[in-house]
Amino acid sequence: MKHMGTMLMRKGPFEEIVMGNTALVRAMVEVGTRVVTSYPGSPTPEIATAIQSIPQEDRSFYFEFSINEKVATEVAFGAAINGYLSTVFFKSVGLNVASDTFVQLSLMNIIGGMVVVLGDDPGANSSQNEQDNRHFAHMSYTPMLEPSNPTEVYAFYKEAARLSREYRMPVILRLTTHVCHAKEKVAFSVFTPMPQDDTSRFDVANGPYIPLTTEALIKKRKAIRKLAEIETVADDSALNLLIDNQNRNRGIVTMGLPYLSLMDVLEKASRKPDILKIGFVHPIPRKRIEAFVRSHDEVKILEELDNVLEKDIKSLAYDAGLKTRILGKGDLGAWIGEYTSDKVQDVLADTWPDMFPVRNPEPELPEMVLGRPPQMCPGCGHRSAFHAIKKVLSSQDITVADIGCHTLGYLPPYEMGQVMMCMGASPGIGSGLSLFNHSRKVVVFLGDSTFFHAGLPGILNAVFNQHPITLILMENGTTAMTGHQDHAAVGQNFNGPTNKVPVRQVLEGLGVKHIYEVDTYQQSKLAERVKTAVSNSEFSVVIARHPCMLKFTRNARRKSGYQAKQVHIDQELCNQVHVCVASFGCPTFTRHKDGTVTINRDLCIGDGSCLQTCPSQAIQKPK
Ligand SMILES: Cc1ncc(C[n+]2csc(CCOP(=O)(O)OP(=O)(O)O)c2C)c(N)n1
């Protein structure tokens, strides 16, 4: 980590093998970005890890994890209209949360420049959907660049920053999971530290910054004009790449990861199409594309997810009266998933079977390799909570999940969480489910980071409109799912200690009258509290608290060489009723064919939350 931090601030030119996410931070340093904000979400959290590796006193910019993506965007915007180059980064669906602010950005005169880094997630590797944020560039009149590898991430960020400063408008740098996480040797340039100029440059004369009715239309016109100017930049840009394989019959227009995979596929091909790889996704380099399409008989548009580029290119070909056959998305499969080399081979085999052979079917996995479902960690307080709560709910009751580690409660053996949408949606969905519903209790779950991120309005609505649901707030003291980022109740932010905003006081402030607090390891007490809460005819909250044990044990090991007091099974006492395996479900327990249960010494963290689950007290802890 320390090495990474030193490397990122090195003055001389150097080469290093880095991830796309790390290359991005070096680019921020070189171009003098002053303010960076984010809310965590895959595939972008390693950008913050790279930032964190730079000691705070050496860091050339301010960074914060904001409360959510919308606020992060607003902080970066505020800094940019005060004259500082800023950047906000977050995951694909983060843009949905940020969108009310985001769609205004291109209408504003962003004097300092602002780069919006999006981590899209084709294949929905760690997202609730697979959305193509290129659509947002179109609907918000915002330029968008898309790199294919870490070297390009570095170069494209610099170009995005340059354009944004020059045109005083936001520029989106769209990354995808593969590009964020790929590693390669990148040649970095010189970093010349600039004297830190803290002059506040905000001036209404640069505005107006109030987009009331008439202004809104003037601003829209300006944004569209700026986009037209940027189109000429796109046409001349070195971010586009032409590979002339002397094939005037067939060409491919592509971008991003599909380009990399295409190069992989072509290594084995005897005949190769010409290739135009574009770096500008919006606005597209129209003239270059038009010339390329015009000079080929057939052009395949190779793009991941939706047919965004295809529609753009078909429309320009129509306007230019081109006769070229343009081949877009084929069957449904081409619209879904990451464009890995195999996928590109399949897509091209569908398009030009004479040129790209159909792949042999995947070999069957040997039977020995078992599927491994996702599960909560050993000692997770969420497991204790679900195990206890399940006992007091009837099979008729309705449970609503939210996003976080506790989502896994929907899996057997707990099966709690029958509906889920997006961060912070559970109180609202639960409220709807409680209408005209007199017989079934509605219980909704919410994590503590999500509580602050987007949970508050739904809770306030439940209070305001008197929805008689029960919220179980799964408070583990961190944003566990995305790598333990701090949140407002922790007393610590990215840059140091800060005031705690206790969840209970926030709830009281929102007018919640029935609040119960309990440590989730106290399973009987928790069950009791939940029973009381759900029997209430008003909105109630149970704060089910236990620190994230992955974070706790990691910290404890780092500090004091923590030795887990692992549990053992007294085989004499064990009645083999298997509550530990079948209902509690800690992965530490292994049930053998003869019915005996043993402890996996690699997994047990010695938390002891399982002791109370055994009816015959066969699970024991060393004294
Ligand atoms: C809009 C949005 N931003 C970010 C994410 C990524 N993400 C998934 S879960 C989560 C937060 C989980 O923290 P918390 O609510 O405290 O639950 P925990 O994982 O700690 O149980 C985040 C930020 C997302 N899915 N959606």
Side-chain angles (χ1 to χ4, degrees), residues 37-48 65-73 88-102 117-121 124-131 133 136 177 180 374-377 379-386 400-411 414 416-417 420-427 444-459 471-490 494 501 503 506 520 543-552 554:
T37 59
S38 177
Y39 184 75
S42 191
T44 62
E46 300 83 4
I47 301 171
F65 273 124
S66 309
I67 284 295
N68 64 27
E69 293 85 351
K70 182 170 184 287
V71 179
T73 305
V88 60
F89 65 88
F90 41 70
K91 76 183 273 106
S92 56
V93 291
L95 190 51
N96 304 334
V97 176
S99 60
D100 212 7
T101 301
F102 168 80
V117 178
L118 297 179
D120 268 11
D121 188 14
N125 297 288
S126 48
S127 310
Q128 62 266 35
N129 70 0
E130 187 190 54
Q131 77 182 43
N133 277 333
F136 266 103
T177 305
C180 286
Q375 54 186 327
M376 288 172 267
C377 308
C380 179
H382 296 340
R383 170 181 296 102
S384 252
F386 288 123
V400 183
D402 209 284
I403 300 213
C405 290
H406 49 90
T407 308
L408 297 173
Y410 87 95
L411 290 167
Y414 325 103
M416 242 170 293
M420 190 190 76
M421 288 268 245
C422 55
M423 281 185 79
S426 64
V444 310
F445 295 90
L446 192 71
D448 44 358
S449 187
T450 307
F451 170 76
F452 293 109
H453 170 277
L456 295 174
I459 293 172
L471 163 70
I472 316 266
L473 198 72
M474 309 291 266
E475 191 183 348
N476 59 3
T478 189
T479 317
M481 184 107 182
T482 46
H484 301 134
Q485 294 82 6
D486 297 317
H487 60 61
V490 176
F494 193 85
V501 182
V503 162
V506 176
T520 66
I543 302 174
R545 179 178 292 135
H546 198 82
C548 167
M549 292 308 280
L550 183 63
K551 182 175 176 183
F552 173 82
R554 259 190 205 159

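For ligands, and for the atoms within them, numbers begin at 1 and follow the listed sequence.
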Distance-only polar pair, side chains of Asn133 and Ser92, donor-acceptor under 3.5 Å:
no

Is there a side-chain contact between Phe452 and Val503 in this structure, where contact means two heavy atoms from C-beta onward sitting under 4.5 Å apart?
yes

Counting only heavy atoms, tell me which of His406, Met423, Gln128, Met481 gets closest to atom 17 (O) of ligand 1.
His406

Run the numbers for me: atoms of ligand 1, each under 4.0 Å from some heavy atom of Asn476, listed by number.
18 (P), 20 (O), 21 (O)

From the options Val97, Thr44, Leu408, select the one whose nearest heavy atom is closest to atom 1 (C) of ligand 1.
Val97

Would you mind checking which non-hydrogen protein atom is closest to atom 18 (P) of ligand 1, with the distance to 0.1 Å?
Cys405 N, 3.6 Å

For ligand 1, indicate whether the residue Tyr39 contacts it via side chain, backbone, both or neither (heavy-atom separation under 4.0 Å).
side chain

for atom 8 (C) of ligand 1, nearest protein heavy atom and its distance come out as Ile403 CG2, 3.5 Å

Specify side chain, backbone, both or neither for Met474, according to which of its non-hydrogen atoms lie closer than 4.0 Å to ligand 1.
neither

Could you walk me through whether Cys380 and Met549 pass the side-chain contact (heavy atoms from CB on, under 4.5 Å) check?
CA-CA 6 Å; Cys380 179; Met549 292 308 280; 5.9 Å; no

Thr478 and ligand 1 - part of the residue with a heavy-atom distance under 4.0 Å
backbone

Report the relative orientation of the aromatic rings in Phe494 and Phe65; use parallel for angles under 30°, tilted for 30 to 60°, perpendicular for over 60°.
perpendicular

Would you compute the distance between atom CD of Gln131 and atom CG of Leu118 and round it to the nearest 0.5 angstrom?
9.5 Å

Give the residue, atom name and distance (to 0.1 Å) of the protein heavy atom nearest atom 5 (C) of ligand 1.
Lys91 CD, 3.4 Å

Pull out every atom of ligand 1 sitting under 4.0 Å from any heavy atom of Gly404, numbered as shown with elements.
9 (S), 12 (C), 17 (O), 19 (O)

Ligand 1 versus Glu69: contacting region, heavy-atom distance under 4.0 Å
side chain

Tell me, which protein residue and heavy-atom name are nearest atom 11 (C) of ligand 1, and how many Å apart are they?
Thr479 CG2, 3.6 Å

Could you establish whether His382 and ligand 1 come within less than 4.0 Å of each other, counting only heavy atoms on the residue side?
yes

Residue pair Ile472, Phe445: steps toward the side-chain contact (heavy atoms from CB on, under 4.5 Å) verdict
CA-CA 5 Å; Ile472 316 266; Phe445 295 90; 3.7 Å; yes

For Gly447 and His406 the tightest heavy-atom approach is N-NE2, 3.2 Å

Ignoring hydrogens, what is the shortest heavy-atom contact between Ser66 and Thr37? Give both atom names and the distance.
OG-CB, 3.9 Å

Identify, by atom number and element, the atoms of ligand 1 in contact range of Gly41, meaning under 4.0 Å from any of its heavy atoms.
6 (C)

Just to be sure I'm reading this right: ignoring hydrogens, which of Thr450, Asp121, Thr482 gets closest to atom 7 (N) of ligand 1? Compare them by their nearest heavy atoms.
Thr482

Let me confirm one number: the CG-NE2 distance from Asn68 to His487, rounded to the nearest 0.5 Å.
14.0 Å

Any N or O of Asp448 that comes nearer than 3.5 Å to an N or O of ligand 1?
yes

Distance col, row Met474:CE vs Thr407:OG1, nearest 0.5 angstrom, shows 9.5 Å

